[in-house]
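The structure under discussion appears below in the form of structure tokens.
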Amino acid sequence: MQKHSDAAAAPGPQPDSAPTSIAARAMATLRPGASSYLEGLNPEQRRAVETTDGPVLVLAGAGTGKTRVLTTRIAHLIATGKARPYDILAVTFTNKAAREMKARIGALIGPAGEGMPWLGTFHAIGTKILRRHAELVGLKSDFTILGTDDQLRLMKQVIADQNIDEKRWPARALGHAIDGWKNRGLAPEQVPPGEAGAFAFGKGGALYTAYQARLATLNAVDFGDLLLLCLKLWRENPDVLENYQSRFRYILVDEYQDTNVAQYLWLRLLAQGHRNVACVGDDDQSIYGWRGAEVDNILRFEHDFPGAAVIRLERNYRSTGHILAAASGLIARNEGRLGKTLRTEDEAGERVTVSGAWDSEEEARLLAESIESLQARKHPLSEIAVLVRISAQMREIEDRFVQLGLPYRVIGGPRFYERAEIRDALAYLRATANPADDLAFERIINTPKRGLGDATLQQLHAHARAERIPLLLAARRLIETDELKPRVRSTLRALVESFSRWARSIETMPHSEVAQTILEESGYTEMWQKDRSADAAGRLENLKEFVRSMEEFPDLAGFLEHVALVMDASEAEGAERVSLMTLHAAKGLEFDTVFLPGWEDGLFPNQRAIDESGRAGLEEERRLAHVGLTRARKRAKLSFAVNRRIHGLWSSTIPSRFIDELPPASVDVVEAPAHFSAGASRFDRNPAPFGSSYGTPGWQRAQANTAASGGRGFGSSYNAPPGGRGGPRQIEGELVAKSTGTPSAYSGGMRVFHTKFGPGTVAGVDGNKLTVDFDKAGRKMVLDSFVQQG
DNA sequence: TGTGAGTCAGTTTTT
DNA sequence: CTGACTCACA
């Protein structure tokens with residue numbers, strides 16, 4: 001049970017034996033020590049659970065049962081009668097963490113835990129508070145929460161309004177600056193003059209002010225405001241603050257090392273009531289400095305909350321000895337840390353392996369072979385992860401997996417709600433629900449194309465600004481005048497009337513039907529049905545899913561809130577696939593075997609991180625390495641390549657300095673392939689005969705694939721023995737690919753199947769390159785060796 | 001209004 | 001080498 005306590009952690013048999021909260025409370029008063037939920041905790045964990053009063057900092061190293069402590073602590077507070085579920089404020093960073101915590105509390109103490117109204121992300125709780133007191137900060141309670149793209153659009157408008165050249169001062173940069181200020185809890189008037197002047201010849205501050213003003217007129221907030229406006233609310237209304245201070249008898253914070261200054265201030269204000277604040281975190285896993293997280297918050301905790309109890313969880317239940325030793329040895333090089341030493345009672349296990357490759361392509365190949373040999377030994381693919389520093393590394397690895405037919409999934413990536421069709425559908429709903437939502441209206445006024453282009457929009461804007469009214473209202477007024485061309489006028493009238501009709505139908509129809517109607521009547525669905533590009537079908541699917549998902553919510557407002565805040569798409573779990581993700585995305589997860597490719601100076605540690613943040617940047621990179629290693633239960637396999645393509649150019653690289661920082665006793669250097677023998681390094685070993693890889697399933701499958709496609713194309717480069725070359729094999733590969741003049745076995749109109757993109761139709765042929773319209777993935781250029789006839 | 005060439009930059013990412 | 005974006009042109 002303890003073994004995989006952190007992430008996996010269905011709380012096993014415990015829930016069955018866990019009493020309901022009332023019984024538990026009664027029992028706990030009689031025999032406080034005997035509560036079943038406390039069983040199986042180690043002494044430190046138990047102390048972290050039972051030290052309920054006063055400030056507590058729990059330094060929970062990777063795999064030490066952090067989530068378990070947090071959830072048990074809540075269960076304990078409730079079971080002992082110290083607090084009712086609604087007395088407890090429990091904040092997390094992600095929705096995923098919040099969901100997981102809810103589920104686990106529910107499992108521990110039964111239905112009583114499900115009613116925890118104040119368990120959620122900082123932003124969700126901030127929203128809840130702001131909606132109650134919206135008018136005190138100049139909003140209406142049905143304010144809209146803007147996503148990043150709306151934010152950007154708004155910034156562009158603000159920049160244009162101030163007659164600033166958007167070329168020289170891009171909206172993105174302004175957005176970055178404003179986000180930074182908001183992360184630090186700074187309202188426009190609080191920005192230090194020096195900083196405000198840095199943007200656009202001293203206009204940064206003015207732009208920030210203007211941006212906030214625009215938000216206010218739109219009755220909208222951005223993510224930063226959800227915290228910042230709480231601060232404003234509380235500072236200006238001490239009675240409101242007091243109310244929340246006394247309401248939250250106990251406060252718990254997850255991942256405290258990730259808090260930014262705004263969140264810190266937010267917490268500190270609330271915690272000044274009962275002062276029962278428990279923060280759980282790990283300074284060694286702070287990897288979000290670049291987006292405002294302040295490691296200092298955790299380093300300074302004892303100073304900020306005098307008399308705080310500091311509890312270290314150092315017993316690791318996840319990884320074997322060598323992995324832990326490697327991770328600990330590495331992180332010990334960091335200076336700015338509170339210091340913990342992870343220990344395990346598990347066996348030493350396998351040493352961490354380090355291997356070099358000639359180039360990144362070979363690295364990908366060796367990695368895939370290694371996975372296949374694990375697979376051949378019945379190692380489940382779902383227990384294997386490949387963690388990369390930057391997503392650009394994924395391409396080559398994916399290519400290799402695709403070629404071998406090795407099932408994988410990418411974690412992270414673009415999310416459901418970020419897709420254009422979902423944002424469009426959302427914009428229709430938003431503009432219907434809130435006629436003042438100019439950004440939404442603007443987004444869809446000409447989607448689908450209905451002849452309401454830039455010129456019309458400008459007119460609307462001018463009118464709206466002059467009258468200080470929303471765009472939709474401006475449109476309604478304008479169509480009564482003769483300022484518009486007849487055609488535009490009638491189109492706009494139709495649109496405006498549609499919106500009125502849809503708005504009325506919200507009262508009478510179930511909201512998912514309203515959505516369906518809007519999508520039909522606006523011509524939006526039709527637009528995609530008519531679209532001949534290959535991904536149109538997928539988009540229609542997404543829209544269906546979108547409408548379907550609305551049914552899970554009681555009303556439109558509830559749904560809109562959900563998409564604004566709880567934006568992660570549910571991912572199908574448990575499939576028998578290798579997981580591929582960035583190191584950042586891996587935090588909180590664990591796998592039996594973890595591959596860590598790309599350990600090269602410049603890539604990892606990343607040069608930019610060092611350039612921008614110097615020593616602190618390097619230390620954050622090192623923490624990232626530590627996070628990567630500690631994801632592994634049994635096996636961690638590092639690798640690097642000595643040649644890598646960076647921005648399209650081949651450059652030679654040297655192994656990451658982190659590799660040399662690993663404790664040698666816990667590391668095995670794996671023999672390098674033939675060509676990798678020059679230069680004296682610790683990786684200089686006898687080359688393994690390359691022929692040994694010919695028997696792997698991957699090799700055989702690659703050959704089979706080649707045969708299936710007629711033995712032509714890129715695949716044929718693999719017919720040359722991969723070993724026995726002194727130079728970059730990549731170049732050979734390219735030469736072979738380019739010199740393939742023989743006509744492809746494929747021709748336009750043929751149906752083909754691609755392992756990654758699925759079925760599709762050939763649209764064009766150029767030598768061994770095919771242009772294929774895939775049914776799901778859209779139009780892609782692929783090499784014919786990657787597809788099969790079908 | 002839509003396309004095609006040309007330009008330019010190019011970590012990590014949640015809410 | 002990509003992909004995102006802009007700008008000129010039809």
Side-chain angles (χ1 to χ4, degrees), chain A residues 91-98 120-127 145-152 156 166-167 170-173 176 179 182-183 221-228 254-255 258-260 262-263 266 286-293 360 387-396 399 411-415 417-418 446-457 561-569 581-588 598 602-613 617 620-621 623-625 627-628 644-651 730 734 780-781:
Chain A
V91 275
T92 64
F93 274 82
T94 63
N95 294 301
K96 195 177 157 208
T121 62
F122 276 100
H123 299 267
I125 289 168
T127 307
I145 301 165
L146 260 34
T148 345
D149 53 348
D150 288 323
Q151 227 179 100
L152 203 62
K156 280 188 176 152
E166 221 238 277
K167 291 261 170 50
R172 288 192 44 141
H176 187 75
D179 274 350
K182 289 191 172 178
N183 283 337
V221 299
D222 64 19
F223 285 119
D225 287 338
L226 294 173
L227 297 165
L228 208 54
D254 190 18
E255 306 275 17
D258 287 339
T259 48
N260 60 33
Q263 286 156 339
W266 193 92
S286 165
I287 55 175
Y288 285 111
W290 49 274
R291 70 178 194 213
S360 43
L387 311 183
V388 295
R389 175 65 240 281
I390 63 171
S391 18
Q393 283 172 266
M394 288 189 191
R395 160 96 56 121
E396 275 173 309
D399 280 354
I411 297 184
R415 279 165 291 277
Y417 65 88
E418 274 173 358
N446 203 27
T447 311
K449 298 274 181 298
R450 42 173 82 91
L452 302 174
D454 258 0
T456 313
L457 194 58
E561 176 105 357
H562 168 84
V563 271
L565 280 175
V566 189
M567 304 210 270
D568 45 22
M581 68 195 98
T582 64
L583 285 159
H584 284 91
K587 199 167 95 169
L603 180 62
F604 190 35
N606 191 273
Q607 192 57 48
R608 239 172 120 144
I610 297 174
D611 290 347
E612 273 169 27
S613 320
E620 182 154 312
E621 293 287 296
R623 291 194 291 268
L624 202 47
V627 166
R644 186 174 295 273
R645 211 187 325 216
I646 298 162
H647 305 332
L649 295 169
W650 282 100
S651 19
Q730 174 66 24
E734 278 173 2
K780 306 262 181 202
M781 291 267 280

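Proteins come first, then strands; the chains are lettered A, B, ... in the order of their sequence lines, and each starts at number 1.
Here the nucleotide nearest the side chain of A:K449, chosen from B:dT15, B:dT13, B:dG2, is B:dG2. For A:R395, the side-chain atoms get nearest to C:dT2 when compared with the rest of B:dT14, C:dT2, B:dT11. Comparing atom distances between the A:T148 side chain and each of C:dT2, B:dG10, B:dT15 picks out B:dT15 as nearest. The side chain of A:R389 approaches B:dT11 more closely than any other nucleotide in the set B:dT15, B:dT13, B:dT11. Checking B:dT1, B:dT13, B:dT15 against the side-chain heavy atoms of A:N446 singles out B:dT1 as nearest. With B:dT11, B:dT12, C:dC1 as the candidates, the nucleotide lying closest to the side chain of A:R645 is C:dC1.
Comparing A:G648 and A:L452 by the nucleotide of DNA chain B that holds the closest heavy atom to each, the one mapping nearer the 5' end is A:L452.
Between A:R450 atom CZ and B:dG2 atom P the separation is 13 Å, expressed in whole Å. Separating the NZ atom of A:K587 from the P atom of B:dT12 is a distance of 17 Å, rounded to the nearest angstrom. Atom NE2 in A:H176 sits roughly 19 Å away from atom P in B:dT15 (whole-Å rounding). A:R644 places its CZ atom 19 Å from the P atom of B:dG10, with the value rounded to the nearest Å.
Heavy atoms of A:E621 sit under 4.0 angstrom from at least one base atom. Across all strands shown, A:E612 has heavy atoms under 4.0 Å from base atoms, whether or not it also approaches the sugar-phosphate. Across all strands, A:G451 comes closer than 4.0 Å only to sugar-phosphate atoms, never to a base (heavy-atom distances).
Across every non-hydrogen atom of A:N183 and A:G292, the tightest pair is ND2-CA, 4.0 Å.
By the criterion of a centre-to-centre distance under 5.5 Å and near-parallel planes under 30°, the ring of A:W290 forms a stack with the base of B:dT12. Look at A:H647 and the base of B:dA9; the rings do not stack under the cut-offs of 5.5 Å between centres and 30° between planes.
Using a 4.0 Å cut-off, some side-chain N or O of A:N95 falls inside it from OP1 or OP2 of B:dT15. Regarding contacts with the backbone of B:dT13, a side-chain N or O of A:T582 is found under 4.0 angstrom from either OP1 or OP2.
A distance of about 15 Å separates the P atoms of B:dT12 and C:dC5, rounded to the whole Å. Spacing between C:dA4 and B:dT13 at atom P, rounded to whole Å, works out to 16 Å.
Electrostatic pairing of A:R645 and A:E396 does not count as a salt bridge here, judged by no charged N lying under 4.0 Å from a carboxylate O.
Proximity of a side-chain donor or acceptor of A:D258 to a complementary backbone N or O of A:S286 within less than 3.5 Å is not detected.
Using a 30° and 60° split on the angle between ring planes, A:W266 and A:F122 fall in the perpendicular class, above 60°.
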